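Heads up, the thing below is written out as structure tokens.
Below, each value reflects all heavy atoms present in this structure, side chains not excepted, and no hydrogens, waters or symmetry copies. This one's a predicted model, so the numbers in the text were calculated from it and none came from an experiment. All ligand and atom numbering here is 1-based and tracks the order in the structure.
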Amino acid sequence: MGQLATLFEPDRIAVVGATDREGSVGRAITANLLADFEGDVVAVNPTKDEVLGLESYDSVTAVSDVDVAVIVVPPPVVIEALQEAGEAGVRDVVVVTAGFGESGSEGATRERELRELADEYDLNLAGPNSLGIMNTGVGMNATFGPESAQRGSISFMSQSGAFITAVVDWANDRNLGFHNVVSLGNKAVLDESDFVAEWGEDPDTDVILGYLEDVVDGREFVRAAREVSRDTPIVVVKSGRTEAGASAAASHTGAIAGSEAAYEAALDQAGVLRVETVQDLFDFGSILAGQPLPEQDGVAIVTNAGGPGVMTTDAVGDSTLSLASFTDETVDAFRDALPDEANVYNPVDIIGDAPVERFEEALDIALADPNVGAAVVLACPTATLSYEALADAVVDLQAEYETPVAATLMGGSSTRSANDTLSAAGIPTYFDPARAVRSLDALREYRDISRREYTEPETFDVDRGAAREILESADRRDTNRLGVEAMGLLDAYGIPTPAAEVVDSRSDAVDAAERVGSEGRRPSGNRTQSGESDEVVMKIVSPDILHKSDIGGVAVGVPPGEVADTYEDLVTRAHNYQPDATILGVQVQEMLDMDSAVETIAGTNRDPQFGPLVLFGLGGIFVEILEDTTVRIAPVSEPAAEEMLSEIDAAPLLRGARGRDPVGEGAVVETLQRLSQLVTDFPAIVELDINPLVATPDGVRAVDVRLTIDQEEL
Ligand code: ADP
Ligand code: MG
């Protein structure tokens with residue numbers, strides 16, 4: 001066990017605010033503790049002599065060797081009670097009392113005081129505003145819920161206390177047990193990361209489930225969960241999607257990589273299985289707690305019912321699993337064992353008149369097949385079949401083969417005792433075969449998580465000083481926005497850019513076009529060739545103009561003879577669009593050959609909870625319409641960047657759809673890693689877009705960049 005061993009396994013608990021007043025929280029907690037707790041329960045309440053048969057003490061300081069104090073006194077005296085607990089040497093505390101951060105400014109002040117005291121006395125403090133905690137291992141129910149959980153190997157934390165009471169009631173009906181249950185409350189001190197870390201070290205916890213509305217410290221959570229999820233599955237329902245940040249964002253990346261995308265990326269990178277529904281949470285939790293992980297992705301379906309067999313087959317089709325293809329030996333064995341009308345291929349239909357022996361034999365044959373990684377036993381009630389006998393047979397065969405099995409005994413009350421037998425053996429049962437398949441799919445997903453290898457992000461040789469200088473130059477100009485004039489930032493981090501110069505007169509534009517145009521024609525290994533022409537691209541440079549092409553501020557394919565006029569044109573357009581816009585000049589850029597190019601977007605954003613993110617997707621001017629992007633929490637390692645490339649819908653485009661040459665994926669992957677290093681190095685970069693990052697068979701080139709910086713962080 002870890003840091004919180006005493007919180008969950010105290011020898012002596014004091015209920016501070018214990019009372020026998022009917023209907024009170026103090027009474028409910030005291031009574032729940034008195035019910036089964038193996039240790040001592042002490043009542044503290046200066047206004048009472050006795051509470052539920054316990055002597056009542058005036059203060060926790062009057063009792064020796066208290067391990068855990070459960071505080072249920074009214075809000076104004078919580079701080080005092082906490083102080084006394086600290087003085088008495090108690091290090092583990094559950095604050096049940098509400099009226100803190102969740103309720104106005106007075107509560108917020110109180111919560112700050114509580115946090116300060118916890119710091120001062122080094123308290124492990126759960127809550128405030130918590131239903132309490134349970135540890136079934138020692139019969140400890142330190143909650144004011146109406147029921148105690150049954151014993152089990154799932155540890156469950158919830159940001160909603162009310163939800164816990166509902167879950168425990170529901171789970172008790174299904175013989176679903178828990179090891180620890182924690183109502184997180186306001187998470188003033190201990191939060192989800194602490195409990196994940198604790199349960200990761202707890203031999204009695206096989207699965208961690210969470211109902212979360214937010215995460216206190218995103219990066220800490222990812223760190224803790226990534227460590228734990230190798231050995232202990234973590235399944236989380238995350239509700240309450242916030243749009244904060246996304247609306248205020250000035251860049252594409254900011255708008256796309258809202259908090260929701262950040263959560264998705266973070267939970268995925270942390271190896272957490274994220275589910276959308278409470279049903280999936282407990283379905284996945286029970287199968288992960290009860291069944292081994294599949295070695296193969298092939299599923300065998302054994303059924304006495306044709307129709308449900310097809311439903312199950314469809315569900316397999318919707319999952320990442322596949323129907324197992326049986327070996328010849330298996331098919332022969334089925335032929336020998338089953339009647340002629342049976343289907344000896346998957347789904348194996350053993351026909352409606354099947355007695356339990358036929359089920360048993362068929363399942364035995366299926367589980368023996370090396371291509372079968374998991375099985376669904378699917379039955380409808382018939383006169384020839386005893387569900388109880390079937391359940392016994394399934395339990396025995398599952399134990400013999402150690403292959404994961406999910407059962408779907410369809411029906412109502414006729415299934416009850418068989419289902420009890422199955423769930424007692426850790427085999428999940430469902431009415432709907434789709435749930436059985438989804439649960440097996442979750443086992444497969446966790447198997448892959450447990451085998452994941454973590455690759456350290458690469459550190460490239462970069463010119464940090466040059467990058468800093470460019471960011472500081474913006475500071476001197478008193479702006480927090482930079483555009484193509486800041487291309488040097490990318491150069492400093494080794495992200496390829498086209499030859500370019502910013503000019504502020506007609507004649508300089510003509511000279512620059514001469515140099516830049518010839519640069520474009522220079523034969524060089526990793527450069528995209530612009531063919532025979534001397535054409536250039538010209539762009540208005542202004543921190544006040546976000547979308548240059550929207551106002552006609554980008555001229556592509558400008559021949560040498562038109563450079564001077566185009567210069568005037570661009571400046572006039574910018575001026576007409578916004579008379580008081582600051583115009584830094586015009587950028588003359590090498591013109592890239594776009595024939596075999598794909599315009600992608602690479603960007604970064606800073607999430608309030610998870611810190612810097614890296615985004616990749618299909619780019620160009622339609623990026624917001626297509627929204628074909630993917631996000632990772634920085635730092636991004638090489639395999640993670642590779643995954644990003646293959647994840648977007650447009651991946652086939654990068655790989656050379658319709659006879660085009662594939663783009664240089666390695667260059668894109670490297671750019672994402674370098675970008676990740678750039679945002680990690682400079683917290684001052686709030687958001688940054690490279691759009692487009694032009695990807696061609698020869699490599700990549702960032703032809704446009706835009707970023708927002710936070711002066712304070714420089
Ligand atoms: P903005 O996004 O502000 O409108 P960009 O600099 O991204 O301006 O340019 C808009 C489009 O012009 C790009 O998506 C690309 O199709 C094209 N373009 C820009 N620069 C070049 C270049 N150097 N070579 C070829 N095409 C370019
Ligand atoms: Mg652009």
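Close contacts of ligand 1 with Lys539, meaning ligand atoms under 4.0 Å from a residue heavy atom, involve 5 (P), 6 (O), 19 (C), 20 (N). Residue-ligand proximity, Glu599 to ligand 1, at heavy-atom distances under 4.0 Å covers atoms 13 (C), 14 (O), 15 (C), 16 (O). Atoms of ligand 1 lying under 4.0 Å from at least one heavy atom of Ser549, given by number and element, are 1 (P), 3 (O), 4 (O), 8 (O), 10 (C). The contact set between ligand 1 and Asn691, taken as ligand atoms under 4.0 Å from a residue heavy atom, comprises 7 (O). For ligand 1, the atoms lying closer than 4.0 Å to a non-hydrogen atom of Asp704 are 1 (P), 2 (O), 3 (O), 5 (P), 6 (O), 7 (O), 8 (O). Close approach to Val703 involves these atoms of ligand 1, each under 4.0 Å from a residue heavy atom: 19 (C), 20 (N), 23 (N). In the vicinity of His547, heavy-atom distances shorter than 4.0 Å reach the ligand 1 atoms 3 (O). The distance from ligand 1 to the heavy atoms of Pro692 drops below 4.0 Å at these ligand atoms: 7 (O), 13 (C), 14 (O).
In this structure, the side chains of Leu707 and Ile709 come closer than 4.5 Å at one or more pairs of heavy atoms. Between Arg655 and Ser646 the shortest side-chain heavy-atom distance falls below 4.5 Å.
Because the distance cut-off is set at 2.8 Å, Asp704 qualifies as a neighbour of the Mg ion (ligand 2) through one of its N, O or S atoms. The Mg ion (ligand 2) lies at 2.8 Å or more from every N, O or S atom belonging to Ser549.
Contacts between Pro498 and ligand 1, counted as non-hydrogen atom pairs separated by less than 4.0 Å, are absent for every part of the residue. Contact annotation: for Val537 versus ligand 1, heavy atoms closer than 4.0 Å belong to the side chain alone. Residue Arg701 does not touch ligand 1, judged by heavy-atom distances below 4.0 Å. With a heavy-atom cut-off of 4.0 Å, Arg706 does not touch ligand 1 at all. When non-hydrogen atoms are compared, ligand 1 lies under 4.0 Å from the backbone of Lys548 as well as from its side chain. With a heavy-atom cut-off of 4.0 Å, Val484 does not touch ligand 1 at all.
For the pair Leu592 and ligand 1, the shortest N or O to N or O distance falls below 3.5 Å. Checking only distances, Gln589 does come within under 3.5 Å of ligand 1, N or O to N or O. In terms of polar-atom proximity, defined here as any N/O pair under 3.5 Å, Glu590 does make such a contact with ligand 1.
In the model, Thr320 has a side-chain atom that pairs as donor or acceptor with a side-chain atom of Asp441 under 3.5 Å. Judged by distance alone, the side chains of Glu647 and Thr630 do bring a donor and an acceptor atom under 3.5 Å apart.
The residues Glu260 and Arg274 are annotated as salt-bridged, a charged nitrogen and a carboxylate oxygen being separated by less than 4.0 angstrom. In this structure, Asp191 does not pair ionically with Arg115, as no charged nitrogen and carboxylate oxygen lie closer than 4.0 Å. The existence of a salt bridge linking Asp681 and Arg464 is confirmed by a sub-4.0 Å separation between a basic side-chain nitrogen and an acidic carboxylate oxygen.
Of the options Asp704, Val502, Val503, a side-chain contact (heavy atoms from CB on, under 4.5 Å) to Gln587 is made by Val502 and by none of the others.
In this structure, Tyr263 and Phe610 have perpendicular ring planes: the angle between them is above 60°, well past the 30° mark.
Minimum heavy-atom separation, Val631 to Ala261: CG2-CB, 4.3 Å.
Because its NZ or CZ atom is not both nearer than 6.0 Å to the ring centre of Tyr493 and within 45° of the ring axis, Arg674 does not count as a cation-pi partner of that residue.
The 12-atom threshold is not exceeded at CZ of Arg468, counting heavy atoms of other residues, nucleotides or ligands nearer than 6.0 Å.
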